[in-house]
Peer 1: 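Here it is: the structure, laid out below.
Whatever order the structure lists ligands and atoms in, that order sets their numbers, starting from 1.
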Amino acid sequence: MRNTSRFFVAPTVGLLALSLVACGSSTAEGQAAGGETTTLQLALNQTEEHPSYISLDAFGDRLVKSTDGRFDIEVFPNEQLGAQADTLQLVSDGVVDMAIVSGAQLENLSKDFIAFNLPTVFDSVEHQMSVVNNPEITGDLYSSLAESNSVSVVGGLTQGARSIYTKTAPAETPADLAGQKIRVQESELFLALVEAIGASPTPMAFGEVYTALQSGVIDGAENNEVSYFTQKHHEVAPFFSYTNHLIGLDYLIINSNTLEGMSDEDRAAFDEEWTGTYEQHTTLWGEATDDAIAGATAAGATFTEVDSDAFTEALEPLVDQFLTEPSQKKLYDAAREASTK
Ligand code: GCU
């Protein structure tokens, strides 16, 4: 893969890659058609309770049926196949077929993805989903990494609104974050975002956050309620402050050769079952958010409203700072035009 960012570090995939090849992006005895089943391996960094695991697992169940057993999906949760920067490389190399990666990761390969990572681009989860799964808006963007990186984007799953959470006290204004080390995803935009709200950004992989909070390497992090709860971050950072600084976006990516190797019939089935997947995910998202708030509250976490105007004002310069290319502006404008607000 081409290294286009200081965040992209070629991972040490040797052993992992070998063991994956050994256990196989497998073909096995097929089901209905009596032929072979190609099992697509999908890397995920969430737990089995997370809406992404549930809806992607169900994607596989439906795909087996609608391809008469020719394709199945096996989801590997909990960063079993590596952190997102690693699994992005593994998909590019064709060692793993598919992965869920955050927009922050794709930003490191093409600056165009920044358009959908900005704080002001989406008004709601519904608005976001109507944009990121609309091929008229996303067609060129989603195929733009095929030639350079052998990565194709299938579509988007919401991360919901992201907020700050901290170890010692709520952050009601940016001033409350002064001097605090806040973990961010590995991207220039996320670094700038946390700097803009007055804190000190510390880039790190998702799976390292719990221990880093616990040991005091960081003072806080930012995420949605669902990951906050399912990753148990509330145990070590009990002050969740509703900064709602942006609506985050995950992408399902697939190795381009794998996608191109599907027959038209199987590709049509794959696309249809993907639609069912993001729809189910969106429905589950609301319920999982409520459950996460209830669960974390019962365990002693607090959820605090903040001075939203102060945070909005602090973040305002980011759009002009990061939206510098006509191709990015085109995507941003298309997203804004789809707003019903
Ligand atoms: C969310 C998102 C993940 C991402 C994580 C993070 O949980 O769904 O894809 O990795 O945030 O902050 O790293």
Peer 1: Under 4.0 Å, heavy-atom basis, I'd like to know which part of Asn45 is in contact with ligand 1: side chain, backbone, both or neither.
Peer 2: side chain
Peer 1: Check if His50 has a non-hydrogen atom at a distance under 4.0 Å from any atom of ligand 1.
Peer 2: no
Peer 1: So, 4.0 Å and heavy atoms of Asp250: is ligand 1 close enough to count as a contact?
Peer 2: yes
Peer 1: Below 3.5 Å, N or O to N or O, backbone or side chain included: is there any such pair between Gln84 and ligand 1?
Peer 2: yes
Peer 1: For ligand 1, note which part of Glu186 has a heavy atom under 4.0 Å away: side chain, backbone, both or neither.
Peer 2: neither
Peer 1: Is the closest side-chain donor-acceptor distance between Glu49 and Thr230 under 3.5 Å?
Peer 2: no
Peer 1: Any atoms of ligand 1 less than 4.0 Å from a non-hydrogen atom of Arg162? List them with their elements.
Peer 2: 1 (C), 6 (C), 11 (O), 12 (O)
Peer 1: Decide yes or no for Tyr210 and Glu235: does some side-chain heavy atom of the first lie under 4.5 Å from some side-chain heavy atom of the second?
Peer 2: yes
Peer 1: Which is it for Asn223 and ligand 1 at heavy atoms under 4.0 Å: side chain, backbone, both or neither?
Peer 2: side chain
Peer 1: Please list the nearest protein heavy atom to atom 7 (O) of ligand 1 with its residue and the distance rounded to 0.1 Å.
Peer 2: Ser227 OG, 2.7 Å
Peer 1: Would you check whether Gln231 reaches within less than 4.0 Å of ligand 1, judged by its heavy atoms?
Peer 2: no
Peer 1: Any heavy atom of Gln105 closer to ligand 1 than 4.0 angstrom?
Peer 2: no
Peer 1: Of the protein's non-hydrogen atoms, which lies at the shortest distance from atom 13 (O) of ligand 1, and what is that distance?
Peer 2: Arg183 NH2, 2.9 Å
Peer 1: Measure from the ring center of Phe229 to the ring center of His234 and say whether it is less than 6.0 Å.
Peer 2: yes
